Amino acid sequence: MHIARTIEDLRDRLGAFRHPAFVPTMGNLHDGHLDLVQQARPLGDVTVASIFVNRLQFLPHEDFDTYPRTWDSDCDKLRAAGCDLLFAPDEKALYPEPQACKVHPDPALGDILEGHFRPGFFVGVCTVVMKLFSCVQPRVAMFGKKDYQQLMVIRHMVRQFALPIEVVGVETRRAAGGLALSSRNGYLSDAERAEAVELSKALQAMAEAVRTGERDFSAIETRAIASLQERGWQPDYMTLRRRADLQAAAPGEPLVALAAARLGATRLIDNLEIDT
Ligand code: PAF
């Protein structure tokens, strides 16, 4: 696996390839990321990953400085997963001057849920993903369904800018008990980690309520929020949305349940597509 630290070196290495399959990450890789790499491999003529902790998508009070950086083990994991080329620029290499040109996603999608609780988050995500796309020029790009709204925002951006990139959504990898793998799980104490499975259980309960015919979505959401609050969580949202655009759902439409909640100092997100 070659490691490119600059855009120039990346472009040199990509020269002969016509069909890069790309996995953008912020590092601290877990098995969910490696699923993305493994699923990318048969889709391109070269498999490219990036590691870049993108300051633009962190709010001032968030964990940019403490975000886990695990360079050596990330490289080992990527090599073992069959990644051919790792793009790992530092901030000066990716943003040599302040990134004044930014990509603002459709507010109808980008300002709700995560975008509401983390204002500017999707501007930061879209801006860096557009820049990474411009550097790598992938034909296929892999994103985890764990960040469901992010996947939808990126798909919409790719469609609106007519980028010649197929965006592939990859299923969430879960630990035993159902906890979705996430780099931020590393912030949890042992006791919190044991409790964290309750987030996916609350989503399962929401899905089960829909599947068994309950049609008062607002009551289902209120119950999910209360069940977590009783256990000491601080939920930002537990909501049933239309899968197509994450707007308010009506019975009969394909649905997704989305959750964001704080457990102690750690904010976790998760979601579940509901088959009715
Ligand atoms: O999902 C992530 O890890 C990040 O948001 C991404 C897509 C790599 C952009 O920084």
Side-chain angles (χ1 to χ4, degrees), residues 4 7 10 20-37 39-40 47-59 62-71 73-74 77-78 81 83 85-91 93-95 99 102-105 109-110 113-115 117-138 140-158 161 163 165-173 180-187 258 260 266-271:
I7 298 173
L10 174 76
F22 180 42
V23 180
T25 83
M26 296 206 300
N28 193 232
L29 304 180
H30 51 65
D31 287 348
H33 294 110
L34 303 180
D35 286 346
L36 303 187
V37 175
Q39 292 189 34
T47 306
V48 185
S50 64
I51 294 181
F52 181 71
V53 185
N54 174 40
R55 188 187 290 277
L56 296 185
Q57 70 191 70
F58 289 78
L59 289 173
E62 290 184 339
D63 54 345
F64 174 77
D65 289 329
T66 53
Y67 195 83
R69 287 155 173 93
T70 48
W71 174 251
S73 87
D74 287 351
K77 288 176 183 173
L78 287 173
C83 177
L85 180 49
L86 170 60
F87 181 41
D90 63 13
E91 285 195 288
L94 198 66
Y95 299 132
Q99 185 67 33
K102 295 197 174 140
V103 181
H104 288 257
L109 189 56
L113 303 172
E114 284 306 283
F117 285 96
R118 303 177 69 192
F121 171 66
F122 287 119
V123 175
V125 169
C126 285
T127 302
V128 78
V129 169
M130 183 66 104
K131 191 144 193 184
L132 291 168
F133 281 174
S134 153
C135 297
V136 176
Q137 305 210 355
V140 182
M142 319 294 289
F143 291 85
K145 283 194 184 180
K146 154 84 172 30
D147 298 297
Y148 202 86
Q149 189 180 1
Q150 170 174 277
L151 170 63
M152 294 191 65
V153 165
I154 300 294
R155 278 212 165 108
H156 192 244
M157 177 182 86
V158 164
F161 286 105
L163 302 178
I165 301 170
E166 182 194 346
V167 175
V168 176
V170 176
E171 293 304 325
T172 302
R173 182 71 93 98
L181 297 196
S182 161
S183 300
R184 290 192 167 98
N185 291 351
Y187 296 148
L258 299 129
T266 307
R267 186 172 181 278
L268 300 176
I269 64 170
D270 197 359
N271 64 80

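If you're wondering where the values come from, they're calculated on a predicted model, not measured in any experiment. Atoms within a ligand are numbered from 1 in the order they appear, just like the ligands themselves.
Not a single donor-acceptor pair under 3.5 Å links the side chain of T172 to the backbone N or O of A180.
Using a 4.5 Å cut-off on side-chain heavy atoms (C-beta onward), R267 and R118 make contact.
Every atom of ligand 1 is numbered from 1 in the order shown, and the set under 4.0 Å from a heavy atom of V128 is 9 (C), 10 (O).
Summarising the geometry, atom SG belonging to C126 is positioned 8.5 Å from atom CD belonging to Q150; distances are rounded to the nearest 0.5 Å.
Of the heavy atoms in T25, only backbone atoms (N, CA, C, O) come closer than 4.0 Å to ligand 1.
Sorted by first then second residue, the salt bridge (Lys or Arg N to Asp or Glu O under 4.0 Å) pairs that include residues 27-36, not counting sequence neighbours, are D31-R173, D35-R173.
Considering backbone and side-chain atoms alike, Q57 places an N or O below 3.5 Å from some N or O of ligand 1.
Summary of contacts: the protein heavy atom closest to atom 7 (C) of ligand 1 is Q150 NE2, 3.6 Å.
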